[in-house]
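Worksheet for the structure shown next.
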Amino acid sequence: MKHPLHPALVHFPIACWSLATLADIASPWLGQPAWWLAGVLMAIGTLAAVAAMGAGLFELVKIGEADPALRVARWHMLAAMAAWLAYAASLLLRLDLPLDATPLAAPGVLEIGLSVVGFGCLAVAGTLGGTLVYGHGVGVRREPGR
């Protein structure tokens, strides 16, 4: 492949999780449609993030041990994993077990709090990802003579 897959895949969990957090915050006023949408988006984002993280690991191993970008890449990975854990925990806590026709229950303060924490970790991961690309040039093919 001529370009890394990770940057293309991260848009899905970022969009799903960001909208899920927004819906979670709005759910006390908007009710079931908002918290149900948040749960569905959280599930989609959590699954999509597994693919994005796998592609990210593939890119991580390409960074040399002496490259200063490696330290940033490791922090980026940890922040992304923390976001995944927060969103996955929020999703698991809102599952109405045993699963039936309505598998999602209304989130409480803990579930919404985990969603907000996940968004914070996601913002940190995104900032570090931007630093990797724009600051260190990771994943950017350089043309000869440029």
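Quick caveat, the model's predicted, so the values are computed rather than measured. Positions are given from 1, in the same order as the sequence printed here.
- Closest approach of C121 and A79 over heavy atoms only: CB-O, 3.6 Å.
- Put simply, L30 and I25 are part of two different groups of oily side chains (I, L, V, M, F, W, Y) that touch within less than 4.5 Å, one to the next.
- Heavy-atom minimum distance, A52 versus V10: CB-CG1, 4.0 Å.
- The CD1 atom of I63 sits 13.5 Å away from the CZ atom of R71 when rounded to the nearest 0.5 Å.
- Checked by atom type and distance alone, the side chain of E111 pairs as donor or acceptor with a backbone atom of G108 at under 3.5 Å.
- P13 approaches G45 most closely through the heavy-atom pair CB-O, 3.5 Å.
- In this structure, CZ on R94 lies 6.0 Å from OG on S115, to the nearest 0.5 angstrom.
- Linking Ile, Leu, Val, Met, Phe, Trp and Tyr residues whenever their side-chain heavy atoms come within less than 4.5 Å leaves L47 and F12 in two separate clusters.
- Test T21, V117, L41 against Y87 for side-chain contact (heavy atoms from CB on, under 4.5 Å) and you get one pass: T21.
- Taking the six-membered ring where tryptophan is involved, the planes of H76 and H6 are perpendicular, since the angle between them exceeds 60° and thus also 30°.
- In this structure, A83 and G118 approach most closely via the heavy-atom pair CB-O, 3.6 Å.
- Annotation: the span from L104 atom CG to D96 atom CG amounts to 8.5 Å, rounded to 0.5 Å.
- W36 and L19 are not part of a single hydrophobic cluster, where members link through side-chain heavy atoms under 4.5 Å apart.
- Remark: F119 CZ to D24 CG distance equals 12.5 Å, nearest 0.5 Å.
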Test log, rule side-chain contact (heavy atoms from CB on, under 4.5 Å), inputs M42 and C16: CA-CA 6 Å; M42 214 169 279; C16 288; over 6 Å; no
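- To the nearest 0.5 Å, atoms CH2 (W35) and CD1 (I112) are separated by 11.0 Å.
- In the hydrophobic clustering of ILVMFWY residues, with side-chain heavy atoms under 4.5 Å counting as a link, L57 and V72 come out together.
- The environment of CE in M81 is sparse: at most 12 heavy-atom neighbours from other residues, nucleotides or ligands sit within 6.0 Å.
- Taken to the nearest 0.5 Å, the CG atom of L114 stands 11.0 Å off from the CG atom of L91.
- Taking the side chain as every heavy atom from C-beta outward, V140 and Y134 never approach each other to under 4.5 Å.
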side-chain contact (heavy atoms from CB on, under 4.5 Å) evaluation trace for W17 with T46: CA-CA 8 Å; W17 285 343; T46 301; 3.5 Å; yes
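- In this structure the side chain of E65 reaches within 4.5 angstrom of the side chain of L70, judged on heavy atoms.
- A continuous path of ILVMFWY side-chain contacts below 4.5 Å connects I44 to L95, so both sit in one hydrophobic cluster.
- Contact record, A69 with L132: O-CD2, 3.4 Å, taken as the closest heavy-atom pair.
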